[in-house]
Structure formats: structure tokens, C-alpha cells
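As C-alpha cells, the structure follows; a few thoughts come after it.
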Amino acid sequence: MIFSGCPGSDKLRNPTITEKVCPQCGNIIELFSVDTEVACDRCGFVAYNDELSCIQWCQYAEKCIGKELYDKLVKNRKTD
């Protein structure tokens, strides 16, 4: 469960969208702030969400967003 007072929790409740240009084919790839990675619809290139997140430094991150999402985000950061 997300804490109501967490300053970063708004991005999890109301995800934002960023766009990246696929380096392989030039297609626009849309990444939501809660996505760890998204494959290009055109060529399959995998783009990673590289925004700095409180998940990386907050001691309450696992409690805040839940174990499943926390584990997924931490695993992605370790493979980058």
C-alpha cells in the first residue's frame, strides 16, 4: 500500500508518460513512470526507464509500493 504522505507516491498513483526515440528505427516509444522497460512496437528494441526514483534510496520504498513492484524495479536497476 502506498503511504499517503510520501512525496514520490504521486508518480505511482498518477503515472506520467515520457517519450523516447528508438535508436534502432526512430519510432516513438512511450514509457510510463511505473514501467521498468518497454519494447518498441515497430522493431522490438527494449528501452529502459532511467529516471531517478525514490525506490533507489528510500528506506520505506518496499512498504510504500509493495513487494512485487519493489522487487521488479530493484531487479531492473541491478541489470542496468
Next item on the list: For the pair Asp71 (side chain) and Glu68 (backbone), establish whether a donor and an acceptor sit closer than 3.5 Å, ignoring hydrogens and angles.
Entry: no
Next item on the list: Only counting residues at least two apart or in another chain, list the ones meeting side chain to side chain contact (heavy atoms under 4.5 Å, CB included) with Val21.
Entry: Ile28
Item checked: Residue pairs involving residues 16-25 (criterion salt bridge (Lys or Arg N to Asp or Glu O under 4.0 Å); sequence neighbours excluded) -> Lys20-Asp50
Next item on the list: Could you tell me the separation between the CZ atom of Phe45 and the CG atom of Asn27, rounded to the nearest 0.5 Å?
Entry: 12.0 Å
Check: Considering all heavy atoms of both residues, which atom of Gln24 and which atom of Cys43 are nearest to each other, and what is their separation?
Finding: CB-SG, 3.7 Å
Checklist line | Those residues that, when tested against Glu30, pass salt bridge (Lys or Arg N to Asp or Glu O under 4.0 Å) (two or more places apart) | finding: none
Next item on the list: Give the C-alpha distance, both sets of side-chain angles, the deciding distance and a yes or no for side-chain contact (heavy atoms from CB on, under 4.5 Å) between Ile17 and Leu31.
Entry: CA-CA 6 Å; Ile17 296 176; Leu31 284 150; over 6 Å; no
Note to self: So does Asp35 get a backbone contact from the side chain of Asn49, meaning a donor-acceptor N/O pair under 3.5 Å?
What the structure shows: yes
Next item on the list: Report the distance from atom NZ of Lys63 to atom NZ of Lys67, rounding to the nearest 0.5 Å.
Entry: 13.0 Å
Check: If you look at every heavy atom in Ala39 and Gly44, which pair is closest and at what distance?
Finding: CB-O, 3.9 Å
